[in-house]
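Written out below as structure tokens is the structure these notes cover.
Just so you know, these numbers come straight off a predicted model, no measurement behind them. First listed ligand is number 1; within each ligand, the first listed atom is number 1.
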Amino acid sequence: MKRLISWHDSFSVNNVVIDNQHKKLIDIINNFYEIVRSSSDKNEIARIFDELKSYTNYHFKAEESMLEKVNYVHLESHQLLHQGFIDKLLELETKYMQGKFTVNSEMMGFLRNWLIEHIMTEDKRYMKFINVNEE
Ligand SMILES: [Fe+2]
């Protein structure tokens with residue numbers, strides 16, 4: 001199976017729980033990619049949209065509550081970025097369900113780039129706040 005995203009150690013935020021959630025998100029996006037490549041079955045696409053949405057929600061909430069516990073200074077702007085992504089996912093899903101949009105490689109590229117960019121820039125910024133023993 002050709003994967004859209006492969007986990008790389010440089011993605012790690014040195015937190016096993018968060019790293020595992022990021023790996024799971026990568027898995028879901030790779031499954032989405034595989035479904036888009038191999039079929040256009042509406043039920044299957046609707047199901048994977050739903051899975052991506054609910055797992056993303058779950059992960060963002062977990063991350064935000066962890067950041068709240070350490071009084072992360074950039075929590076509010078981080079939350080806004082999360083919300084922006086959720087809104088975008090909802091918009092894509094709604095358009096797809098209404099038949100106004102076909103899932104395509106451009107959308108898959110957006111999902112991949114957003115996730116990797118977010119991990120590498122925004123999530124990495126909180127590393128030193130959650131791993132207090134590190135510095
Ligand atoms: Fe995040």
Side-chain angles (χ1 to χ4, degrees):
M1 182 172 117
K2 193 169 170 287
R3 282 179 299 177
L4 183 67
I5 315 174
S6 298
W7 171 263
H8 191 273
D9 284 341
S10 66
F11 297 166
S12 174
V13 296
N14 286 343
N15 178 293
V16 185
V17 175
I18 298 294
D19 283 350
N20 283 338
Q21 291 179 0
H22 285 155
K23 285 176 187 168
K24 169 86 180 167
L25 268 180
I26 289 173
D27 282 348
I28 296 170
I29 293 174
N30 280 330
N31 290 340
F32 205 145
Y33 177 66
E34 187 55 33
I35 289 168
V36 169
R37 269 161 40 98
S38 62
S39 94
S40 49
D41 183 80
K42 199 164 176 176
N43 291 330
E44 239 192 300
I45 293 175
R47 188 201 58 76
I48 193 81
F49 252 126
D50 207 59
E51 188 183 353
L52 178 60
K53 228 176 39 187
S54 43
Y55 195 78
T56 301
N57 259 314
Y58 166 79
H59 163 63
F60 285 171
K61 287 205 178 100
E63 204 178 73
E64 288 164 16
S65 73
M66 175 192 76
L67 295 176
E68 214 178 319
K69 275 188 200 125
V70 297
N71 291 313
Y72 182 53
V73 279
H74 307 294
L75 177 58
E76 215 168 300
S77 58
H78 200 114
Q79 264 168 333
L80 283 175
L81 293 168
H82 285 173
Q83 192 54 50
F85 185 68
I86 294 280
D87 290 347
K88 184 73 191 169
L89 273 184
L90 281 171
E91 182 197 317
L92 291 168
E93 185 191 33
T94 305
K95 281 190 179 154
Y96 172 75
M97 296 307 284
Q98 291 171 341
K100 292 178 183 160
F101 169 74
T102 324
V103 283
N104 53 22
S105 55
E106 195 187 327
M107 182 188 105
M108 296 317 302
F110 162 76
L111 296 179
R112 179 194 59 204
N113 293 343
W114 191 92
L115 182 63
I116 294 174
E117 277 257 335
H118 183 79
I119 293 174
M120 295 306 281
T121 58
E122 299 304 325
D123 289 348
K124 293 254 172 186
R125 289 173 81 193
Y126 66 58
M127 271 175 75
K128 62 173 187 281
F129 295 87
I130 60 166
N131 304 311
V132 278
N133 299 326
E134 234 169 60
E135 282 190 19

If you look at E63, which of its N/O/S atoms is nearest to the Fe ion (ligand 1)?
OE1
As a test of reading the structure, name the N/O/S atom of D123 that is nearest the Fe ion (ligand 1).
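Nearest to the Fe ion (ligand 1) within D123's N, O and S set: OD1.
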Pair D27-K24, salt bridge (charged side-chain N to carboxylate O under 4.0 Å, His left out): steps then yes or no:
CA-CA 5 Å; D27 282 348; K24 169 86 180 167; over 6 Å; no
Report yes or no: do Q83 and D87 form a side-chain donor-acceptor pair below 3.5 Å?
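Yes.
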Examine the side chains of H59 and H82 and answer whether a donor and an acceptor come within less than 3.5 Å of each other.
no
After noting the C-alpha distance and the side-chain angles of H22 and F11, does the key distance pass the side-chain contact (heavy atoms from CB on, under 4.5 Å) rule?
CA-CA 9 Å; H22 285 155; F11 297 166; over 6 Å; no
NE2 (H118) to the Fe ion (ligand 1) to NE2 (H78), nearest 10°, is 90°
